[in-house]
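See structure below.
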Amino acid sequence: MRTAVALVTVALATVVSLRVTAQGARPPDIAGEWRLDSAEDPGQPPLADYLGLALNEAGRMRADTTPESIWGTPEYQCRPHSAPHQWRGVGGTRILKDLDPISREIIGYRLQFMRSLDRPIFVDGRPHPPAWAPHSWSGFSTGEWIGQTLKVTTTHLKDGFLKRGGPQTSDMLTMTEFISRHDDILSIVQVVDDPIYLDEPYVLSITYTYDPTAGPVTENCTGSSFAENGGRDRHWVPHFLPGQNSGIGEFLKTQTWIPFEPVRGGVKTIYPEYRGVMGKSAALDTLIVPASKSANDVPKRIAAQSPRDGQVHVMPVQGNIYMLVADGTNITASVGRDGIAIVNTGPAQMTDKVLAALDELARTAVSAPATNTCFGANCPGMPSWSSPYFNTVVASPRPARPMRYIINTSAAPEHVGGNEKLAASGRVRRGGVGGFGGAVRELGETATIVSHEGVLSAMSTASGKAPAAPEGALPADTFFDDFHKLSEYVNGEPVILYQAKAANTDGDSFVFFRHSEVIAAGNLFSTISYPLIDTDKGGTIQGVIDGLNHILDLSVAEYRSQGGTWIVPGRGRLSDTADVASYRNMLVMIRDRIRDLKKQGKTLEQVKASRPTLDFDGRYGSTTGSWTTSMFIDAVYKTL
């Protein structure tokens, strides 16, 4: 009924708005200080209260197993309220206008809430970012006036919570809001569409009152993050094993008039037809309700984060670093005056396009013609009395330096496929002419390929139908220790390789660009799938978790658990520490569930039948392809 009323309200408001617009009226002024008279959670809401929520099985399991104490982990302590909850949290809101500095037109609004970052809403017609762009707590919001109602569409949101007290949201949600002002009343109809955890969109309305003395008390987060729950274990992830959350239904001891069954949520429980189930005149399994459907195509959106379209897409990251998405595989590139250094080379069939993209980056980022900024004989760096900027900067700058380093984080075909050709594109002398009288082998002028020695071992050996890699594709500089520093600064910064022991395989690593604050995670991290664990080559679930924890130890968020150190996954969208922490938490939960079942003596098939990955399968699982959920559970079970 709430859903129907909300939708009718929007429809009527739209009709009225269109009539007013036809008469030439301008949209209302929504800027100002707004008071929320009835906040959803003036105190801590009851644990596991899912009344009125269309939770599906995955949503209920995720809510039941995620305690509030998870906010005590270092990566969670400064997280703001999630976007679906902001309107309903305490403190009211402040809406500010963003004006074009020349035309003075309104080009956007900024919403401020109590425990949140500013949330911009762009009304200047700009498009939403590509799917491989990073997500944030505020997401990316665009607005358009439909008569007197501002329709706001938000994408690119991080995972969070739908309501405090358990119900979670995935990073695949989309949010649509309809904001209308009627005199001193601001009404918001909010539609949260997250089919990962909901069987139908969550629709509700919120009402604010204009109050110049109100507005939110902005809250900073300046305390140092440390492990609040795990003692000396800073990587402790609090969670309940399935069926072991003793707090479920506890609040009903003082609310005895509420039946237990609808407290568990579910789309059928929020429609009038559910009365028949409560009265024993209808069965829940056969009950039919007029539930709405999601407009969010999650599989399509997940695939779009790592497009397999035969193209190379370039995403600027930070400092000298760019992320190249090459037919579904991410390449991290450092482009600067020293030349080009890349982490992984992409699939073999993409080599020519990758090389073309890197050449174009080098020309535009390093050697593009620039305006003349110096005149006369006193120009800095002038070798003689001439006009050096005329030719070397304005007309014909020096060509960019070519490939210098190639780093392989693993021996996976999509990481080493372009090694030989991309290395050959380099023009960097790596040994003395004549090999120092024959004492040292002449290494030529190709780019240096660097990796853990496990990668060299794997590439040097034929496997199945795949022959050993040609000599020009093999790493020439390998390490066996915990970490390895390149012997010199590359484009003005140190580059450090860290071994990920017994993770995806026994030869994986990740790479830290220390001044740009960017980490190339390789196969340790993906935003589109569970991690690939090759048990035949020494991979283990604990090794993957340890590698992710190491990345989190090296990373620092910029503010409110967002930004700062950027992490380039092996596949998927550009991420930060918050995304890596969520991925690590998921793997810890799954590891502990499977370990518990294995300790109970459950066979592998019995473990699979219990569906220990149910609440994450909609986001990372697969029933087809080269790496399925079943294969992932096999690997976890085998290596515990």
Side-chain angles (χ1 to χ4, degrees), residues 2-3 6 39-71 76 79-90 115-116 137 139 154 157-177 190-206 237-252 255 258-271 274 291-292 294 296 298 578 582 585-586 589 614-619:
R2 180 186 66 248
T3 302
E40 181 179 83
D41 57 345
Q44 178 61 38
L47 180 68
D49 177 5
Y50 311 149
L51 276 169
L53 300 181
L55 290 180
N56 56 27
E57 283 188 272
R60 189 177 297 107
M61 182 172 176
R62 180 72 193 280
D64 287 347
T65 56
T66 304
E68 289 262 330
S69 57
I70 200 169
W71 288 80
Y76 272 59
R79 292 191 176 199
H81 283 158
S82 62
H85 176 78
Q86 288 173 349
W87 286 111
R88 295 172 273 131
V90 297
R115 186 188 168 95
S116 301
W137 301 123
T154 304
L157 285 162
K158 290 184 180 296
D159 62 313
F161 54 87
L162 184 64
K163 295 178 65 176
R164 292 181 60 186
Q168 303 292 297
T169 57
S170 76
D171 62 343
M172 287 291 102
L173 76 92
T174 58
M175 189 168 67
T176 308
E177 294 145 307
Q190 183 186 54
V191 183
V192 179
D193 192 355
D194 184 12
I196 296 289
Y197 295 133
L198 296 172
D199 274 335
E200 75 169 8
Y202 183 55
V203 184
L204 76 162
S205 62
I206 311 101
V237 179
H239 65 97
F240 295 108
L241 292 173
Q244 296 189 18
N245 184 346
S246 60
I248 295 175
E250 184 176 350
F251 78 99
L252 296 179
Q255 304 287 335
I258 303 176
F260 176 75
E261 290 76 14
V263 167
R264 303 294 291 147
V267 66
K268 294 181 180 181
T269 67
I270 62 178
Y271 282 88
Y274 186 71
S292 57
S294 171
N296 192 346
V298 168
S582 294
N585 293 353
M586 169 194 69
M589 292 178 183
L614 168 64
D615 44 343
F616 299 107
D617 284 346
R619 180 62 182 83

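Sequential numbering from 1 along the given sequence is applied to the chain's residues.
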Q) For the residue pair Met172 and Asn296, what are the closest heavy atoms and their distance? A) O-ND2, 2.7 Å
Q) Are any side-chain N or O atoms of Thr65 and backbone N or O atoms of His239, one a donor and one an acceptor, separated by less than 3.5 Å? A) no
Q: Output, in order, the C-alpha distance, side-chain angles, deciding distance and verdict of side-chain contact (heavy atoms from CB on, under 4.5 Å) for Gln168 and Ile196.
A: CA-CA 10 Å; Gln168 303 292 297; Ile196 296 289; over 6 Å; no
Q.
Within the structure provided, determine whether Pro84 and Tyr202 are in side-chain contact (heavy-atom separation under 4.5 Å).
A. no
Q | NZ/NE/NH1/NH2 to OD/OE distance under 4.0 Å, Asp49 and Lys163 | A | no
Q.
Under the side-chain hydrogen bond (donor to acceptor under 3.5 Å, both in side chains) test against Tyr197, which residue among Arg60, Arg62, Glu57, Arg619 passes?
A. Arg62
Q | Minimum side-chain heavy-atom gap Glu261-Tyr274 below 4.5 Å | A | yes
(Q) For the CE atom of Met61 and the CZ atom of Phe616, what is their distance to the nearest 0.5 Å? (A) 8.0 Å
Q: Can you see which heavy atom on Asp193 is nearest to which on Ser294, and at what distance?
A: OD1-OG, 2.7 Å
Q. Pick from Ser82, Ser582, Ser170: which one makes a side-chain hydrogen bond (donor to acceptor under 3.5 Å, both in side chains) with Asp159?
A. Ser582
Q: May I ask you to test the Ile258-Val263 pair for a side-chain heavy-atom distance under 4.5 Å?
A: yes
Q: Ignoring hydrogens and angles, state whether a donor on the side chain of Asp64 or Tyr50 is under 3.5 Å from an acceptor on the partner side chain.
A: yes
(Q) Whether the side chain of Glu200 engages the backbone of Leu198 through a donor-acceptor N/O pair (distance < 3.5 Å, no angle test) should be reported. (A) no
Q: Flag the pair Leu162 / Leu55 as yes when at least one side-chain heavy-atom distance between them is below 4.5 Å, and no otherwise.
A: no
Q) So how far is it from Arg79 CZ to Ile70 CD1, rounded to the nearest 0.5 Å? A) 8.0 Å
**Q.** Arg88 to Ile206 - nearest heavy-atom pair and separation
**A.** CG-CG1, 4.0 Å
Q) How far does CG of Asp171 sit from CG of Asp194, to the nearest 0.5 angstrom? A) 8.5 Å
Q.
Contact between Thr269 and Arg264 at the side-chain level, heavy atoms closer than 4.5 Å - yes or no?
A. no
Q: Check Pro238 against Ser69 and note the closest heavy-atom contact, atom names and distance.
A: CB-OG, 3.4 Å
(Q) For His81 and Trp137: C-alpha separation, side-chain torsions, deciding distance, then whether side-chain contact (heavy atoms from CB on, under 4.5 Å) applies. (A) CA-CA 8 Å; His81 283 158; Trp137 301 123; over 6 Å; no
Q: Say whether, by atom type as modelled, one donor and one acceptor occur between the side chain of Thr169 and the main chain of Gly160 under 3.5 angstrom.
A: yes
Q. Any side-chain heavy atom of Ile248 within less than 4.5 Å of one from Phe260?
A. yes
**Q.** Nearest atoms (heavy-atom pairs only) where Ala83 meets Leu157
**A.** CB-CD2, 3.5 Å
(Q) Please find the pair of heavy atoms, one from Val267 and one from Tyr271, that lie closest to each other, and give the distance. (A) O-CD1, 3.2 Å
Q) Side-chain contact, heavy-atom cut-off 4.5 Å: Leu47 with Asn245? A) yes
